[in-house]
Peer 1: 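Have a look at this one before I ask anything.
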Amino acid sequence: MEPIHYVYMAYLLVILSCELYLFYNVYLYFKAQKISEITHEMDSQQNNEGRNS
Amino acid sequence: MEKKLSNSFLMFSFVILHVLFGLWIYTLFYAPYEANMGEVYRVLYVHVPVAFAAFLSAFVLAFYSIKSFRSANKSFVIYQKACADVGLLMTVLTLATGSIWAKPTWGTWWEWDPRLTTTLLLAILFLAFIMFYHSVEEWQVKRKVCSVIGILIAINVPIVYQSVKWWRSIHQPQSLMREGGSSISPEIRYPLLACIAVMLILTYCTLKVRYLYLELKDQNEMKALQSLKGGR
């Protein structure tokens with residue numbers, strides 16, 4: 001393997017790791033936010049039903 | 001009050017990420033050739049910034065460990081977990097890029113050298129933190145054990161940094177920050193310093209995004225637990 005191939009390997013590894021980790025956490029955050037919104041909606045629906053009955 | 005990931009912070013993180021990519025493209029194709037090491041020296045532009053990012057994560061972890069030790073605030077422990085996650089990633093990347101650099105220069109992927117061994121110990125400590133965080137159920141025990149490991153991690157950082165000075169090592173000595181000024185030529189040093197600065201900002205952004213996600217996840221879990229208890 002040529003020396004420059006080691007350089008490409010290191011750059012690719014770091015760039016992919018940093019980018020994927022940041023994007024993955026942003027994705028997880030929005031997924032958790034969606035779950036939080038759904039739970040909140042369900043809670044308020046249950047509260048309304050309880051009040052009506 | 002619930003903390004949110006704002007669009008402006010998200011935009012800022014992506015801008016920082018792409019500034020770093022721009023710098024790395026510059027260093028890969030336009031930074032000057034180094035006569036002694038040849039092209040392999042370019043690994044320096046990714047290896048050193050990720051090492052500093054690991055150190056930053058360790059210091060922020062220690063800061064929140066001390067805070068968590070003093071007061072039983074759950075968000076401090078969540079911040080500690082975010083630091084340990086990012087710190088582990090950065091330490092593993094430091095070891096991996098170091099190995100990639102070692103193969104063409106030393107002729108081996110790994111050597112039980114003081115710098116490499118102490119960095120491996122740093123990765124193991126980050127891993128130990130994450131394992132304890134997930135395995136200990138009792139909240140107060142988790143807070144204290146994680147804080148102790150967090151402080152141990154921060155103590156290990158100066159040992160990693162000074163290891164090339166304190167013991168005989170085949171790892172190159174400190175060349176960026178040393179007594180008598182840097183031994184790196186300005187054409188190489190300034191892009192390297194820029195890479196380190198931008199990488200540290202990106203690490204801070206990643207830490208914050210990770211923290212916000214972990215906090216939201218924790219809130220969701222608490223709500224689910226409460227509704228389960230209420231349903232019984």
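Heavy atoms only: backbone and side chains are in, while hydrogens, waters and symmetry mates are out.
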Peer 1: If we check side-chain contact (heavy atoms from CB on, under 4.5 Å) with Val46(B), which of these qualifies: Val14(A), Val7(A), Leu12(A)?
Peer 2: Val14(A)

Peer 1: Taking atom NE2 of His40(A) as the centre, report whether more than 12 heavy atoms of other residues, nucleotides or ligands fall under 6.0 Å from it.
Peer 2: no

Peer 1: Say whether Tyr11(A) and Thr27(B), considering side chains only, have a donor N or O and an acceptor N or O under 3.5 Å apart.
Peer 2: yes

Peer 1: Taking side chain as everything from C-beta outward and backbone as N, CA, C, O, which of these in Val50(B) sits under 4.5 Å from a heavy atom of chain A? Side chain, backbone, both or neither.
Peer 2: side chain

Peer 1: I'd like to verify something: which residue of Glu2(A), Glu19(A), Lys31(A), Met9(A) has the highest number of heavy-atom pairs under 4.5 Å with chain B?
Peer 2: Glu19(A)

Peer 1: Using the test ring-ring contact (aromatic ring centres under 6.0 Å, His included), find all partners of Tyr41(B) that sit at least two apart in sequence or belong to another chain.
Peer 2: Tyr45(B)

Peer 1: Given heavy-atom pairs under 4.5 angstrom as the criterion, report whether the side chain, backbone, both or neither of Val92(B) touches chain A.
Peer 2: neither

Peer 1: Under 6.0 Å between ring centres, would you say that holds for Tyr213(B) and Tyr24(A)?
Peer 2: no

Peer 1: More than 12 heavy atoms of other residues, nucleotides or ligands under 6.0 Å from CZ of Phe23(A): yes or no?
Peer 2: yes

Peer 1: Considering only heavy atoms, which portion of Leu20(B) lies under 4.5 Å from any heavy atom of chain A: side chain, backbone, both, or neither?
Peer 2: neither

Peer 1: Based on non-hydrogen pairs under 4.5 Å, which of Thr97(B), Leu28(B), Leu93(B) is most in contact with chain A?
Peer 2: Leu28(B)

Peer 1: Would you call the rings of Tyr8(A) and Phe29(B) parallel, tilted or perpendicular if under 30° counts as parallel and over 60° as perpendicular?
Peer 2: tilted

Peer 1: Please check: side-chain N/O of Asn220(B) versus main-chain N/O of Ala32(A), any donor-acceptor pairing under 3.5 Å?
Peer 2: yes

Peer 1: Ser36(A) and side-chain contact (heavy atoms from CB on, under 4.5 Å): which single residue from Lys223(B), Lys217(B), Gln219(B) fits?
Peer 2: Lys223(B)

Peer 1: So do the side chains of Glu39(B) and Tyr6(A) get within less than 4.5 Å of each other, counting heavy atoms only?
Peer 2: no

Peer 1: Evaluate whether atom OH of Tyr190(B) has more than 12 neighbouring non-hydrogen atoms of other residues, nucleotides or ligands under 6.0 angstrom away.
Peer 2: no

Peer 1: SG/Cys18(A) to CH2/Trp24(B) distance, rounded to the nearest 0.5 angstrom?
Peer 2: 4.5 Å

Peer 1: Does atom CE (Met11(B)) have a neighbourhood of more than 12 heavy atoms from anything else shown, all under 6.0 Å?
Peer 2: no

Peer 1: Just distance, no hydrogens or angles: give the donor-acceptor pairs under 3.5 Å from side chains in residues 194-209 of chain B, sequence neighbours left out.
Peer 2:
{"unit_1": "Thr203(B)", "atom_1": "OG1", "unit_2": "Met199(B)", "atom_2": "O", "d": "2.7"}
{"unit_1": "Thr206(B)", "atom_1": "OG1", "unit_2": "Leu202(B)", "atom_2": "O", "d": "2.7"}

Peer 1: When rounded to the nearest 0.5 angstrom, what is the spacing between CG in Leu212(B) and CG in Leu28(A)?
Peer 2: 12.5 Å

